[in-house]
*Asks:* 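Next up is a structure, given as structure tokens.
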Amino acid sequence: MRFNEKELCHYSSGPAIKEGRIHHKNPNAGFREGFKERWFKLRGNLLFYYRVNEFGGVYNKEPIGVLIIELCHIQREDDSGLGFAFSISFDSDLDKKHFLMCSNQRQCDEWVDVLSQCSYQNQKTKLLDLKNQIMDITGTDPLASYSYQT
């Protein structure tokens with residue numbers, strides 16, 4: 001997939017669905033590399049992450065990476081011995097997992113919940129459910145005037 005880097009950076013600067021500090025271990029990191037503290041920001045189905053400086057602030061306004069939350073599995077890693085952790089693995093390579101470690105269980109649960117709901121496919125399913133509910137009540141298709149194809 002191709003992206004225009006400047007547009008992506010500009011998009012990342014807008015308001016977030018959720019953001020916060022999380023420790024991240026990249027699946028491509030070496031065996032000796034541990035978790036790195038990062039600032040994560042979710043916009044739509046794009047999860048941007050930034051470097052954190054020594055004072056705990058975001059190091060740069062440009063993200064150092066982005067994860068597209070589509071065709072992926074988000075799961076808690078309760079049995080991993082990592083504390084309050086969850087992982088993101090993509091259908092294209094289920095063996096490679098991004099591990100993310102939060103500071104408490106509530107924060108971990110919030111991230112898992114919001115990430116599980118942000119994919120395009122999930123949003124499409126919600127839209128179709130709402131459409132069907134409205135059709136049951138009114139008898140008309142609320143999306144007909146928008147030429148939405150299901």
Side-chain angles (χ1 to χ4, degrees), residues 1-29 33-137 142-143 146 148-150:
M1 187 176 290
R2 290 185 159 180
F3 290 101
N4 180 310
E5 190 173 333
K6 287 183 180 179
E7 287 182 13
L8 203 56
C9 287
H10 178 70
Y11 181 74
S12 73
S13 66
I17 296 171
K18 180 158 182 64
E19 60 185 315
R21 186 171 297 138
I22 302 177
H23 288 82
H24 174 237
K25 183 170 181 163
N26 191 314
N28 297 324
E33 288 186 51
F35 285 82
K36 293 184 179 180
E37 187 176 34
R38 301 286 187 224
W39 184 263
F40 280 82
K41 183 175 187 178
L42 180 65
R43 287 214 61 208
N45 64 346
L46 301 176
L47 183 61
F48 296 95
Y49 54 100
Y50 303 80
R51 281 191 177 92
V52 176
N53 65 24
E54 64 271 9
F55 304 110
V58 175
Y59 181 70
N60 195 342
K61 293 192 183 261
E62 291 186 8
I64 58 169
V66 62
L67 300 173
I68 303 167
I69 308 299
E70 293 295 336
L71 302 174
C72 65
H73 302 279
I74 292 124
Q75 64 185 32
R76 288 173 178 81
E77 293 289 339
D78 297 330
D79 299 331
S80 66
L82 296 173
F84 310 111
F86 64 97
S87 66
I88 301 172
S89 57
F90 294 92
D91 289 352
S92 60
D93 194 354
L94 291 173
D95 293 335
K96 290 189 175 184
K97 288 184 177 182
H98 289 265
F99 285 97
L100 298 110
M101 193 166 49
C102 300
S103 58
N104 58 55
Q105 189 64 47
R106 185 181 58 80
Q107 181 189 28
C108 185
D109 292 342
E110 287 173 2
W111 275 105
V112 169
D113 291 344
V114 74
L115 289 170
S116 298
Q117 297 175 22
C118 74
S119 74
Y120 170 79
Q121 191 60 43
N122 187 291
Q123 295 300 316
K124 182 179 176 183
T125 301
K126 285 182 182 179
L127 175 68
L128 294 176
D129 287 345
L130 289 172
K131 173 188 162 195
N132 291 335
Q133 289 177 21
I134 292 171
M135 283 181 65
D136 289 345
I137 294 169
L143 301 177
Y146 296 102
Y148 179 79
Q149 301 294 322
T150 55

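Remember, predicted model here, so these are calculated numbers, not experimental data.
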*Asks:* Looking at Cys118, is its backbone amide N or carbonyl O close enough to the side chain of Asn122 to form a donor-acceptor pair, meaning the two atoms are under 3.5 Å apart?
*Replies:* no
*Asks:* Between atom CD of Gln133 and atom CG of Asp136, what is the distance when rounded to the nearest 0.5 Å?
*Replies:* 8.0 Å
*Asks:* Nearest 0.5 angstrom please: Glu7 CD to Glu5 CD, how far?
*Replies:* 11.5 Å
*Asks:* I'd like to know if the side chain of Gln123 reaches the main chain of Gly44, judged simply by a donor and an acceptor atom lying under 3.5 Å from each other, with no hydrogens or angles considered.
*Replies:* no
*Asks:* Which value, rounded to the nearest 0.5 Å, describes the distance between Phe86 atom CZ and Met101 atom CE?
*Replies:* 11.5 Å
*Asks:* Which distance, rounded to the nearest 0.5 Å, do you find between the OH of Tyr49 and the CD of Glu37?
*Replies:* 15.0 Å
*Asks:* Look at the side chain of Glu70 and the backbone N and O of Tyr120, then say whether any donor-acceptor pair between them is shorter than 3.5 Å.
*Replies:* yes
*Asks:* Hey, are the side chains of Leu100 and Glu77 touching, using non-hydrogen atoms and a 4.5 Å cut-off?
*Replies:* no
*Asks:* Could you tell me which non-hydrogen atom of Ile69 sits nearest to which non-hydrogen atom of Ser119, and how far apart they are?
*Replies:* O-CB, 3.3 Å
*Asks:* Check Ile17 against Arg43 and note the closest heavy-atom contact, atom names and distance.
*Replies:* CD1-C, 4.4 Å
*Asks:* Can you give me the closest heavy-atom contact between Leu115 and Ile74, atom names plus distance?
*Replies:* O-CD1, 3.6 Å
*Asks:* At their closest point, which heavy atom of Gly14 faces which heavy atom of Lys41, and how far apart are they?
*Replies:* O-NZ, 2.8 Å
*Asks:* For Lys36, does the NZ atom sit with more than 12 other heavy atoms under 6.0 Å from it, leaving out its own atoms?
*Replies:* no
*Asks:* When you check the side-chain N and O atoms of Asp113 and Gln117, is any donor under 3.5 Å from an acceptor?
*Replies:* no
*Asks:* Atom NZ of Lys18 and atom CD of Gln107: how far apart are they, to the nearest 0.5 Å?
*Replies:* 6.5 Å
*Asks:* Specify whether Tyr11 and Phe48 have parallel, tilted or perpendicular ring planes, treating 30° as the upper limit for parallel and 60° as the lower limit for perpendicular.
*Replies:* tilted
*Asks:* So Lys96 and Phe90, side chain to side chain contact (heavy atoms under 4.5 Å, CB included) or not? Walk me through it.
*Replies:* CA-CA 8 Å; Lys96 290 189 175 184; Phe90 294 92; over 6 Å; no
*Asks:* Distance from His98 atom NE2 to Leu47 atom CG, nearest 0.5 Å?
*Replies:* 9.5 Å
*Asks:* Grab the two heavy atoms, one from Pro142 and one from Ile134, that are nearest each other, plus how far apart they are.
*Replies:* CG-CG2, 3.7 Å
*Asks:* Give me the atom names and distance for the closest heavy-atom approach of Ser87 to Lys97.
*Replies:* OG-CD, 3.8 Å
*Asks:* If the test is side-chain contact (heavy atoms from CB on, under 4.5 Å), which one of Leu42, Leu46, Ile88 qualifies with Leu67?
*Replies:* Ile88
*Asks:* List the steps and the verdict of side chain to side chain contact (heavy atoms under 4.5 Å, CB included) for Arg21 and Arg38.
*Replies:* CA-CA 6 Å; Arg21 186 171 297 138; Arg38 301 286 187 224; over 6 Å; no
*Asks:* Describe, in one word, how the ring planes of Phe35 and Phe99 are oriented to each other, choosing from parallel (under 30°), tilted (30 to 60°) and perpendicular (over 60°).
*Replies:* perpendicular
*Asks:* Just wondering, are more than 12 heavy atoms of other shown residues or ligands nearer than 6.0 Å to NE2 in His73?
*Replies:* yes
